[in-house]
Amino acid sequence: MKQIDVGLEWFLNPDHLPFVTGIEKGWFRKAGLDVRLVEPVDHYDGLAAVAEGKLAFACNEPLHMIDEPRSGLRALGCFFETEGGVMLTPAGVQALREGKTIRVASPVAGEVTDDLAREIVGRWCETENLAFDPSQLQIEAAGFEHLKNLQAGFDGAWLCFANFEGVEARYLGVEATFIASTDVGLPNFSALELFTGESFHREYPEVVSEFTRILSEGAELCREDPNAAARIWYRHTGDERSALMDAIIRDTCRRLVVPVVADPERWREMWRQFDRMGLSQVDRAAFDALYEPY
């Protein structure tokens, strides 16, 4: 039995159901793989550990394929895609209308991701005929619990997903304006791509192939039977069943991608558009290298 550690992009949630399904169904173990899911301290921990050969696999948003060069990674395919962007409270919207500065919570605060948040809000303000200066967004690293951050007084949250925060806001009755990147003419980047390391890919090609095959099967089961996916989720986590989590799981299952295959064209337009805007820190050669065969 080979131990396989998989770095998540943040806390375990229904986006990861294809992994959980493979574990709970015993498919990974049948293939000789003892799969363990690792929650990060920092959003980028999984990618860094994979590139260094410390983890076999990691998942993260395709945005991080272009926000800085990450040598040593190989992209294996997308298994989940939703809409994502910025959520603004009514107070945040009103403050923008008045030309004031607003506080926006983000899981990460960094140069490229901050610039994208400002681009999204700036384009939205333009559609609302509002003057906007990028300095009006004060972006703060505040963890992953976006709705709690909004309820705690933040005016907005960045890197929100429609299947999670969008569902949660409706369920909890939290009034918020959700601005997806695609709503303002930007490419979607709210998804999860699976990565492995160049050295791991070279040394264990059969493991990589079998792992992605099982991940595809897990995604397909969840898409076809969200009720079964919910039972698998609660059995794995031990969480008490709730109507909110049921709703999140149903919405998430329909967004899972099958099959999981390496596709260099899937995110190429994202790279092209952000490169033209000066928001990509990765040149074409570095982007293409993510999909080079071992």
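In this structure, CZ in Phe164 is found 7.5 Å from CG in Leu244, a value given to the nearest 0.5 Å. To the nearest 0.5 angstrom, Trp271 atom CH2 is 7.0 Å from Ser280 atom OG. The distance from atom CG of Leu150 to atom NZ of Lys148, rounded to the nearest 0.5 Å, is 13.0 Å. Atom CG of Leu256 is separated from atom CG of Leu221 by 10.5 Å, given to the nearest 0.5 angstrom. Note: Thr113 OG1 to Ile139 CD1 = 7.0 Å, rounded to the nearest 0.5 Å. Note that the CZ atom of Arg241 and the OH atom of Tyr234 stand 5.5 Å from one another [nearest 0.5 Å].
No path of Ile, Leu, Val, Met, Phe, Trp and Tyr side chains, each step under 4.5 Å between heavy atoms, connects Val50 with Leu8, placing them in separate hydrophobic clusters. A continuous path of Ile, Leu, Val, Met, Phe, Trp and Tyr side chains, each step under 4.5 Å between heavy atoms, connects Met65 with Phe274, placing both in one hydrophobic cluster. Phe161 and Val257 sit in two unconnected hydrophobic clusters of ILVMFWY residues. Membership requires side-chain heavy atoms under 4.5 Å apart, directly or through other members. Side-chain heavy atoms closer than 4.5 Å link hydrophobic residues (I, L, V, M, F, W, Y) into clusters, and following such links, possibly through other members, connects Met277 to Val184. Hydrophobic clustering of Ile, Leu, Val, Met, Phe, Trp and Tyr side chains at less than 4.5 Å, counting indirect connections, keeps Tyr291 apart from Val261.
Within a 6.0 Å sphere centred on CD of Glu126, other residues, nucleotides and ligands contribute 12 heavy atoms or fewer. When the shell of 6.0 Å around CD of Glu39 is examined, it contains more than 12 heavy atoms from other residues, nucleotides or ligands. Remark: Glu24 CD is packed, more than 12 non-hydrogen atoms of other residues, nucleotides or ligands lying under 6.0 Å away. In this structure, Glu98 places its CD atom where more than 12 heavy-atom neighbours from other residues, nucleotides or ligands lie under 6.0 Å away.
A cation-pi contact, defined as under 6.0 Å to the ring centre and within 45° of the axis, links Lys2 to Tyr204. With Phe80 as the aromatic partner, Arg255 does not meet the cation-pi criteria of under 6.0 angstrom to the ring centre and within 45 degrees of the ring axis.
When side chains are defined from C-beta on, Met245 counts as touching Pro14, because their heavy atoms get closer than 4.5 Å. In this structure, Phe154 and Val104 have side chains that are not in contact, with every pair of non-hydrogen atoms separated by 4.5 Å or more. For the pair Val38 and Val6, the minimum side-chain heavy-atom distance is 4.5 Å or more. Taking 4.5 Å as the limit, some side-chain heavy atom of Asp15 sits within range of a side-chain heavy atom of Thr252. For the pair Asp5/Val35, no side-chain contact is recorded, criterion being any heavy-atom separation below 4.5 Å from C-beta on. Side-chain contact between Glu217 and Lys25 is absent, with no heavy-atom pair separated by less than 4.5 Å. At least one side-chain heavy atom of Ile102 sits less than 4.5 Å from a side-chain heavy atom of Leu137. Contact annotation: the side chain of Met1 never approaches that of Leu33 to less than 4.5 Å [non-hydrogen atoms, C-beta and beyond].
No donor-acceptor pair closer than 3.5 Å links the side chain of Thr89 to the backbone N or O of Ala176. Ser209 contributes no side-chain N or O that, together with a main-chain N or O of Pro205, makes up a donor-acceptor pair within less than 3.5 Å. A donor-acceptor contact shorter than 3.5 Å is absent between the side chain of Asp275 and the backbone of Gln273.
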What's the verdict on side chain to side chain contact (heavy atoms under 4.5 Å, CB included) for Cys78 and Leu192, showing C-alpha distance, side-chain angles and the deciding distance?
CA-CA 6 Å; Cys78 176; Leu192 289 176; over 6 Å; no
Could you check Glu81 against Asn188 for side chain to side chain donor-acceptor pair (under 3.5 Å), going step by step and ending with a plain yes or no?
CA-CA 9 Å; Glu81 184 170 7; Asn188 188 39; 2.8 Å; yes
Is there a side chain to side chain contact (heavy atoms under 4.5 Å, CB included) between Leu17 and Cys253 once you walk through the steps?
CA-CA 8 Å; Leu17 266 165; Cys253 284; 4.2 Å; yes
In sequence, state the C-alpha distance, the side-chain angles, and the governing distance for Phe28 and Phe19, and then conclude on ring-ring contact (aromatic ring centres under 6.0 Å, His included).
CA-CA 9 Å; Phe28 285 122; Phe19 299 115; 7.5 Å; no
Stepwise, does the side chain to side chain contact (heavy atoms under 4.5 Å, CB included) test hold for Glu198 with Arg202?
CA-CA 6 Å; Glu198 180 182 357; Arg202 183 184 303 110; 3.0 Å; yes
Verdict with supporting geometry, Cys160 and His146, side chain to side chain contact (heavy atoms under 4.5 Å, CB included)
CA-CA 7 Å; Cys160 298; His146 293 307; 3.8 Å; yes
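Side-chain contact check for Glu9 and His16: at least one donor-acceptor pair (N or O, by modelled atom type) lies under 3.5 Å. Side-chain atoms of Trp267 and Glu193 include a donor-acceptor pair closer than 3.5 Å. Counted by atom type alone, His64 and Asp67 present one or more donor-acceptor pairs between their side chains at under 3.5 Å. Between the side chains of Gln151 and Asn149, no donor-acceptor pair is found at a separation under 3.5 Å. Defined by atom type and a distance below 3.5 Å, a donor-acceptor pair is missing between the side-chain atoms of Tyr171 and Asp246.
In terms of heavy-atom proximity, Ile179 sits nearest to Ile120 at CG2-CG2, 3.7 Å. The two residues Trp124 and Leu96 come nearest to each other via the heavy atoms CZ3-CD1, 4.2 Å. In plain terms, the two heavy atoms of Gly84 and Phe178 that are nearest each other are CA-CZ, 4.0 Å. In terms of heavy-atom proximity, Gly218 sits nearest to Trp27 at N-CZ3, 3.6 Å. Of all non-hydrogen atoms in Leu73 and Ala51, the two that sit nearest each other are CD2-N, 3.8 Å. Between Pro107 and Trp158 the shortest heavy-atom distance is CD-O, 3.3 Å.
A salt bridge links Arg36 to Asp34: one of the charged nitrogens lies within less than 4.0 Å of a carboxylate oxygen. Remark: Glu265 engages Arg268 in a salt bridge, criterion side-chain N to carboxylate O under 4.0 Å. The pair Glu68-Arg70 meets the salt-bridge criterion, since a charged nitrogen lies less than 4.0 angstrom from a carboxylate oxygen. Salt-bridge check for Glu210 with Arg213: passed, with a basic side-chain N closer than 4.0 Å to an acidic carboxylate O. Using a 4.0 Å cut-off between charged nitrogen and carboxylate oxygen, Arg276 and Glu269 count as a salt-bridge pair.
His43 and Phe144 have tilted rings, their planes meeting at an angle from 30° to 60° on a 0 to 90° scale.
With Phe195 as the partner, the side chain to side chain contact (heavy atoms under 4.5 Å, CB included) test is satisfied by one option alone out of Leu55, Leu76, Leu47: Leu47.
Taking the ring pair (Phe, Tyr, Trp, His ring centres under 6.0 Å) definition, one finds that Phe57 meets it with Phe200, Phe211, sequence neighbours left out.
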